[in-house]
Amino acid sequence: MAVVSTKVASVLKLTMKTGIDINGKDVFVTKSLGNLRVTSLDADIFAVGQAISNIKTYPLVGLDRGDQYT
């Protein structure tokens with residue numbers, strides 16, 4: 001039996017370094033932006049993530065795309 005999957009949702013996750021804790025370790029915050037078009041190209045999502053990071057206070061250290069399939 002063949003397995004067929006269909007992409008039903010995509011999320012953009014931005015990880016930013018927000019500082020250093022009392023032990024000297026980096027502190028990170030992740031923000032998620034949902035409701036992306038499932039047909040969006042990775043390059044387009046990357047460009048949006050870069051544009052968003054330009055207006056954020058903290059430096060961007062990670063940019064991830066999460067897809068959900070059914």
Side-chain angles (χ1 to χ4, degrees):
M1 181 166 109
V3 176
V4 177
S5 64
T6 303
K7 192 185 304 186
V8 293
S10 289
V11 176
L12 173 61
K13 296 178 184 177
L14 299 123
T15 304
M16 294 159 283
K17 181 180 172 187
T18 58
I20 299 175
D21 66 10
I22 59 173
N23 297 320
K25 296 191 179 201
D26 293 335
V27 177
F28 299 97
V29 170
T30 301
K31 298 291 182 182
S32 297
L33 302 170
N35 297 325
L36 300 178
R37 289 185 182 170
V38 295
T39 57
S40 298
L41 300 176
D42 291 339
D44 294 335
I45 291 175
F46 181 78
V48 168
Q50 291 287 43
I52 291 171
S53 73
N54 288 336
I55 61 172
K56 289 293 208 177
T57 304
Y58 301 110
L60 182 69
V61 294
L63 186 62
D64 299 306
R65 178 183 184 166
D67 294 324
Q68 183 179 12
Y69 294 87
T70 183

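Without hydrogens or angle criteria, Asp21 side chain to Asn23 main chain gives a donor-acceptor distance under 3.5 Å. Within the 3.5 Å criterion, the main-chain N or O of Val27 finds a donor-acceptor partner in the side chain of Thr18.
More than 12 non-hydrogen atoms from other residues, nucleotides or ligands lie less than 6.0 angstrom from NZ of Lys7.
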> Does the side-chain contact (heavy atoms from CB on, under 4.5 Å) test come out yes or no for Ser10 and Arg65, once each step is laid out?
Replying inline: CA-CA 7 Å; Ser10 289; Arg65 178 183 184 166; 3.3 Å; yes
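Val8 forms part of no hydrophobic cluster, judged by ILVMFWY side-chain heavy-atom separations under 4.5 Å. Residue Leu36 belongs to a hydrophobic cluster whose other members are Leu12, Leu14, Met16, Leu33, Ile45, Phe46, Val48, Ile52, Tyr58, Leu60, Leu63, with links defined by side-chain heavy atoms closer than 4.5 Å.
Summarising the geometry, atom OG1 belonging to Thr39 is positioned 8.0 Å from atom CG belonging to Leu41; distances are rounded to the nearest 0.5 Å.
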